[in-house]
Amino acid sequence: MFTLRITALVAPFFALPVFAASANEWQNRSIYQLVTDRFATSNGSSPSCDTSQRLYCGGTWQGVISKLDYIQNMGFDAIWISPVVANVEGNTGEGEAFHGYWTRDINSLNEHFGSADDLNALASALHSRGMYLMLDVVVNHMAATSNPPDYSSFSPFNTQADFHAECFISDYNNQTDVEQCWLGDTTVPLADLNTENDDIVNTMYTWIKGLIANYTADGVRIDTVKHIRKDFWPDFAQNAGVFTIGEVLDGDTNYVAPYTQVLDSVLDYPTFYPLTSAFVSPSGNLSALVDLVTQAQGSYKDGEFMTGSFLENQDNPRFQSMTLDQALVKNAMTWPFVQDGIPILYYGQEQGYTGGADPANREALWLSGYVEDKPLVNHVKTLNAARKAAIAYNSSFLTTPAKFLSTTSSTLALSKPPVLALLTNGGNSSSPSWSVPDAGFPANEPLVDVLSCTAINADGNGGVSASAQGGAPMVVVPVAALNKSGSVCPSLATGSGSQGSQGNGAGREVATGVAAMLAVGLSVVTGMLV
Ligand code: ABC
Ligand code: CA
C-alpha cells in the first residue's frame, strides 16, 4: 500500500510556509466546505440574501479571513472554497454565477470575491494557522449565457472548435454522452471542452499547475470528473501536485471505484445516499448503509480511507430540510467523523440551516450571527476533537478499516479503534441500547462517551453495553485517549498526550522541513499512501 513518490519541488523560496500537501497529509484533516459568496462579507455587514433570487450576496475572501477563528474553533484544519476564476456576469435567467461554477475565463479571478492579493492573503492566513486551502476547479466546461454560445466570450478557449458539438446529456447510461455532451440547459449551456484535443489538454495541465502555485493551494476539489475520460486525470493530478479529490456524482460504487484509480480520492457520493436515508427517519435502512460501505471498502483503491465523507453540500437538500429531529441530525452528523474517510462539513449545518434543493441550500451564514455556543456547533467541535484524539492515541487509526458490529433495525455499532461509535435512527423519543460483545477494548477498560461525558466500563471481555436517552448517538473512547487538560470531558480524561489541540503541528513541521530543504537546494522525497 505504501509506495514512494519523488516530488521535485519548484515552489518559490519566498512563498513560505509551503504546504503543497499530498494525499496522506490530508488524511488526518477535517474540511469545512463553504460557498464563498455566502460565508462572510469583507466588512462584517449582514446584507439580506434571498436564496431564491440566485444573486451575489456579498461574501468575499477577506470575509473568510475574518471568520477563520470561527472555523478553527470548531476544530477544522482545512477549508474548501468556491471556484475562484472569472465567471459569466449578469443575471442569466438562472441567476448570477455567485456559486462560481460558471467559468468564463480560467486565467482571471472572480472579482466579486476579491483580488489576487486577497486570495493570497487567505492562503497565508490559513497557513499561519497550520490550516490547508482547497481550491475547487472546473475543467469540463465553460458557461455561456446564450444558445448557441458566443464562443468569443470565453478565454482562452474562444472558438467553437475548442468544444464538443452541442448536445445536452440525456442518457446518463451512455458514458460517451456523459463525457462529450453538455451539462446545463439552453439558458446557461455548459459548453463541453474538447478534452480529446491535445492542445486543450496541455493548456489545462499548465493552467492547474500555475493556479496551485500562484495561490499556494494545498489541495484541489475537481468538479464534474465523470464528464471527462478517465485517462485525462492522472496527468492533471500530477500537474496539480497536491491532493486531488474528485466529484463523481453517482450512487453506484462500481461506477465510482475506477475513478479512485486516477485521482487521490473521490467525494463519497455512494455512501451519501444510504447515509441520508438511513438516518433521515426511524424507518431508514441501516444495513443498506453498512452493505454499501463494506462494498466501497473492498472496491476503492484505498478502501474508504481517502474518500471525502459528507452529509451535505451545495448540490443537495440539507439534511434538516428533511427532518428536524435533533437526535437523527446528531446521529447522521456523527458519521463523517467516525468512519474511514476525511470528514467534510458543509457550512451552515452547524447553525442548523434547513435549506432544501439548490438554490435554497446556499443560505448566507452571516444571518446566523456565527453563534458558537449552540448544540450543533458544540457537537461538531467534540467530533473533531475526538477524531484528533483517536488519531493521536492510535497510530493505525487512519489505516484501520471501520468494522460494523451488532447492526439491528435501529442501532449500529462502528468500531475503529480506539473509537466505538454507537449510532441509532430511533429518533428523539427513543431510548436506544447497544450490546457489543466484540467491541475489542482491553478487559474492563475505563471508557467515556465523549458526546455526553458519561463514564462506561468495558466488560471483562472488552465488550460494551450502553444505552442513551432521547435517541442520542454515543462516541465511546478509552479515558486514556483523552487529554486531562484538553477540551473533551477533561474531568474523566486520564491521558496527557497533545491530542485535541487546535491547529496542526505536523503540518508546520512539514512546512519547515520543506523550507529548510529548499534553502539548500534539495528536492524532497515524500512517502505517499497510495
Ligand atoms: C442550475 C440551477 C438549479 C437547476 C440546475 C439544472 O441548474 O441553479 O436550480 O436545478 C452549477 C451550479 C448549479 C447550477 C449548475 C448548472 O451549475 O452550482 O446551481 O444549477 O448550471 C457539479 C457542482 C455543481 C455545479 C456543476 C456545474 C457541477 O457540484 O454545484 O453546478 O459546474 C451532474 C454532474 C455533477 C454536477 C451536477 C449539478 O450535475 O454530474 O458534476 N455537480 C444524476 C447524474 C449526475 C448529475 C445529477 C444531477 O443527476 O448521474 O451526473 O450530476 O443532475 C443518484 C444516482 C445519480 C444521480 C442522482 C441524482 O441520484 O446514482 O447518478 O445523479 O441516486
Ligand atoms: Ca466533457
Item checked: Polar contact flag, side-chain donor to acceptor under 3.5 angstrom, T323-D325 -> no
Note to self: Keeping T244 on the side-chain end and V220 on the backbone end, is there a donor-acceptor pair under 3.5 Å?
What the structure shows: no
Item checked: Donor on one side chain, acceptor on other, N313 and N316, under 3.5 Å -> yes
Notebook entry, point to check: What's the spacing between F319 CZ and L324 CG if we round to 0.5 Å?
Noted result: 10.5 Å
Item checked: Test applied, side chain to side chain contact (heavy atoms under 4.5 Å, CB included); reference residue, L286; option that passes from T407, T408, D291 -> T407
Notebook entry, point to check: Taking D136 as the fixed residue, which of R221, Q33, H99 is the one that meets the side-chain hydrogen bond (donor to acceptor under 3.5 Å, both in side chains) rule?
Noted result: R221
Next item on the list: Give a yes or no answer on whether the side chain of D223 reaches the backbone of V137 with a donor-acceptor pair at less than 3.5 Å.
Entry: no
Checklist line | Exam field: side chain Q261 to backbone P258, donor-acceptor pair closer than 3.5 Å | finding: no
Check: Are the side chain of R318 and the backbone N or O of R362 linked by a donor-acceptor pair below 3.5 Å?
Finding: no
Notebook entry, point to check: Between N378 and D373, is any side-chain donor less than 3.5 angstrom from a side-chain acceptor?
Noted result: yes
Next item on the list: Would you check if the side chain of Y347 reaches a backbone N or O of E363 as a donor-acceptor pair within less than 3.5 Å?
Entry: yes
Item checked: Under 3.5 Å side-chain donor-acceptor pair for Y101 and Q314 -> yes
Next item on the list: Any chance you could lay out the side chain to side chain contact (heavy atoms under 4.5 Å, CB included) test for D315 and Y269, step after step, and finish with the verdict?
Entry: CA-CA 11 Å; D315 289 341; Y269 259 108; 4.2 Å; yes
Check: Is there a donor-acceptor pair under 3.5 Å between the side chain of T260 and the backbone N or O of K301?
Finding: yes
Next item on the list: Classify the side-chain pair Y32/E350 by whether it contains a donor and acceptor separated by less than 3.5 Å.
Entry: yes
Next item on the list: State whether the number of non-hydrogen atoms from other residues, nucleotides or ligands found under 6.0 Å of K403 atom NZ is greater than 12.
Entry: no
Notebook entry, point to check: What distance do E304 atom CD and S265 atom OG have between them, rounded to the nearest 0.5 Å?
Noted result: 10.0 Å
Notebook entry, point to check: Hey, are Q339 and K416 close enough side-chain-wise for a donor-acceptor pair under 3.5 Å?
Noted result: no
Margin query: So does L451 get a backbone contact from the side chain of T382, meaning a donor-acceptor N/O pair under 3.5 Å?
Written below: no
Next item on the list: Nearest 0.5 Å please: distance from the CG atom of L267 over to the CD1 atom of I245.
Entry: 4.5 Å
Item checked: Derivation of the side-chain hydrogen bond (donor to acceptor under 3.5 Å, both in side chains) call for D340 and Q297 -> CA-CA 9 Å; D340 290 337; Q297 287 176 322; 2.8 Å; yes
Next item on the list: Indicate yes or no for a side-chain donor-acceptor contact from Q72 to the backbone of D69 under 3.5 Å, with no hydrogens or angles considered.
Entry: no
Next item on the list: Determine, for F39 and K67, whether the Lys NZ or Arg CZ falls below 6.0 Å from the six-membered ring centre while staying within 45 degrees of the axis.
Entry: no
Next item on the list: Report the distance from atom CG of L122 to atom NE2 of H127, rounding to the nearest 0.5 Å.
Entry: 9.0 Å
Next item on the list: Report yes or no: is the cationic atom of R38 (NZ for Lys, CZ for Arg) closer than 6.0 Å to the six-membered ring centre of F113, at no more than 45° off its axis?
Entry: no
Margin query: Please determine whether side chain to side chain contact (heavy atoms under 4.5 Å, CB included) holds for the pair L422 and T424, giving the CA-CA distance in whole Å, both sets of side-chain angles, and the decisive distance to 0.1 Å.
Written below: CA-CA 7 Å; L422 303 174; T424 175; over 6 Å; no
Next item on the list: Enter the distance from L292:CG to L289:CG here, rounded to the nearest 0.5 Å.
Entry: 7.0 Å
Item checked: Validation row: F279, L423 side chains within 4.5 angstrom (heavy atoms) -> yes
Checklist line | Side chain W233, main chain V225, donor-acceptor under 3.5 Å | finding: yes
Item checked: Basic-acidic side-chain contact under 4.0 Å: D77, K388 -> yes
Margin query: Please determine whether side chain to side chain contact (heavy atoms under 4.5 Å, CB included) holds for the pair L398 and F305, giving the CA-CA distance in whole Å, both sets of side-chain angles, and the decisive distance to 0.1 Å.
Written below: CA-CA 7 Å; L398 292 171; F305 294 131; over 6 Å; no
Notebook entry, point to check: Taking atom CD1 of I169 and atom CD of E179, what is their separation to the nearest 0.5 Å?
Noted result: 9.5 Å
Notebook entry, point to check: Which is it for L420 and L414 under the side chain to side chain contact (heavy atoms under 4.5 Å, CB included) test, yes or no, and what are the steps along the way?
Noted result: CA-CA 6 Å; L420 178 70; L414 178 155; over 6 Å; no
